[in-house]
Amino acid sequence: MRYAKRTDKSQADIVADLRKCGIHTLVTNMGDDFPDIITGHKQWVLIEIKEPDGDVSRGQVRFIVDSSCPVGVAVGFDEAKALAVDPDAHAITHEQKNARAKW
């Protein structure tokens, strides 16, 4: 049985601010541990939005580890924008993915 996906409180503001900056932003609401938003600036980037005290679930970690495209976790607008604009510098690296895979 599927349950409605809970949206982090800051997600709407982050999405609005990214769009104001001209960053194409799609809200996924897919559940099944898929990241909350997809941004397109120079390339597509998957971003999981978390509250400052939020935890990444085991399923979300598994998705991040298995993803072959840039993916990251953002607590606020600045982190989300950095991921969208420069994923090479801010997305989770292969080394970080491998370390998380052991979790």
Chemist: With side chains defined as the heavy atoms from C-beta onward, is the minimum distance between L18 and I37 less than 4.5 Å?
Modeler: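 With C-beta onward as the side chain, the pair touches.
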Chemist: Could I get the full list of side chain to side chain donor-acceptor pair (under 3.5 Å) partners for T25, not counting sequence neighbours?
Modeler: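 Side chain to side chain donor-acceptor pair (under 3.5 Å) check on T25 returns nothing, list empty.
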Chemist: If you look at every heavy atom in A82 and H90, which pair is closest and at what distance?
Modeler: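 For A82 versus H90, the nearest heavy atoms are O-CD2, 3.4 Å.
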Chemist: Within the structure provided, determine whether C69 and L46 are in side-chain contact (heavy-atom separation under 4.5 Å).
Modeler: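 Yes, side chains in contact.
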Chemist: With sequence neighbours left out, which residue pairs that include part of residues 63-82 fulfil the ring-ring contact (aromatic ring centres under 6.0 Å, His included) condition?
Modeler: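 Qualifying pairs: F34-F63.
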Chemist: Is there a side-chain contact (heavy atoms from CB on, under 4.5 Å) between L83 and V73 once you walk through the steps?
Modeler: CA-CA 9 Å; L83 279 161; V73 178; over 6 Å; no
Chemist: What are the two closest non-hydrogen atoms of E48 and P35, and how far apart are they?
Modeler: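 What the structure gives for the nearest pair is OE1-CA, 3.3 Å.
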Chemist: I'd like to know whether V71 forms a side-chain contact (heavy atoms from CB on, under 4.5 Å) with I47, so could you lay out the CA-CA distance, the side-chain angles of the two residues, the decisive distance to 0.1 Å, and finally the verdict.
Modeler: CA-CA 6 Å; V71 62; I47 302 175; over 6 Å; no
Chemist: For Q60 and K50, test the side chains for any donor-to-acceptor distance below 3.5 angstrom and give the result as yes or no.
Modeler: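 Q60 vs K50: donor-acceptor pair found between side chains.
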Chemist: Quick test of your reading: applying salt bridge (charged side-chain N to carboxylate O under 4.0 Å, His left out), list the pairs with at least one residue in residues 67-88, sequence neighbours left out, ordered by first then second residue.
Modeler: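 Every pair satisfying salt bridge (charged side-chain N to carboxylate O under 4.0 Å, His left out) with a residue in residues 67-88: there are none.
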Chemist: I need the minimum non-hydrogen distance between I23 and V85, along with the two atoms involved.
Modeler: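 Where I23 meets V85 most closely, the heavy atoms are CD1-CG2, 3.9 Å.
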Chemist: Between I14 and L26, is there shared hydrophobic-cluster membership here, with clusters defined by ILVMFWY side-chain heavy atoms closer than 4.5 Å?
Modeler: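 No, separate clusters.
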Chemist: Please answer: with hydrophobic residues joined when any side-chain heavy atoms are less than 4.5 Å apart, are M30 and V45 in the same cluster?
Modeler: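 Unlinked, M30 and V45 end up in two clusters.
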Chemist: Compare every heavy atom of V65 with every heavy atom of K97, then report the nearest pair and how far apart it is.
Modeler: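 Looking at all heavy atoms of both residues, the closest pair is O-CG2, 3.4 Å.
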Chemist: Which atom names give the shortest non-hydrogen contact between G59 and D33, and what distance separates them?
Modeler: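 Looks like CA-OD2, 3.2 Å.
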Chemist: Between D36 and I49, which heavy-atom pair has the shortest distance, and what is it?
Modeler: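 It is OD2-N, 2.8 Å.
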Chemist: Step by step, work out the side-chain contact (heavy atoms from CB on, under 4.5 Å) result for V27 and Q11.
Modeler: CA-CA 9 Å; V27 178; Q11 180 175 314; 3.3 Å; yes
Chemist: For residues 11-28, pull every pair meeting salt bridge (charged side-chain N to carboxylate O under 4.0 Å, His left out), keeping only residues two or more places apart or in separate chains.
Modeler: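 Matches after skipping sequence neighbours: D17-K20.
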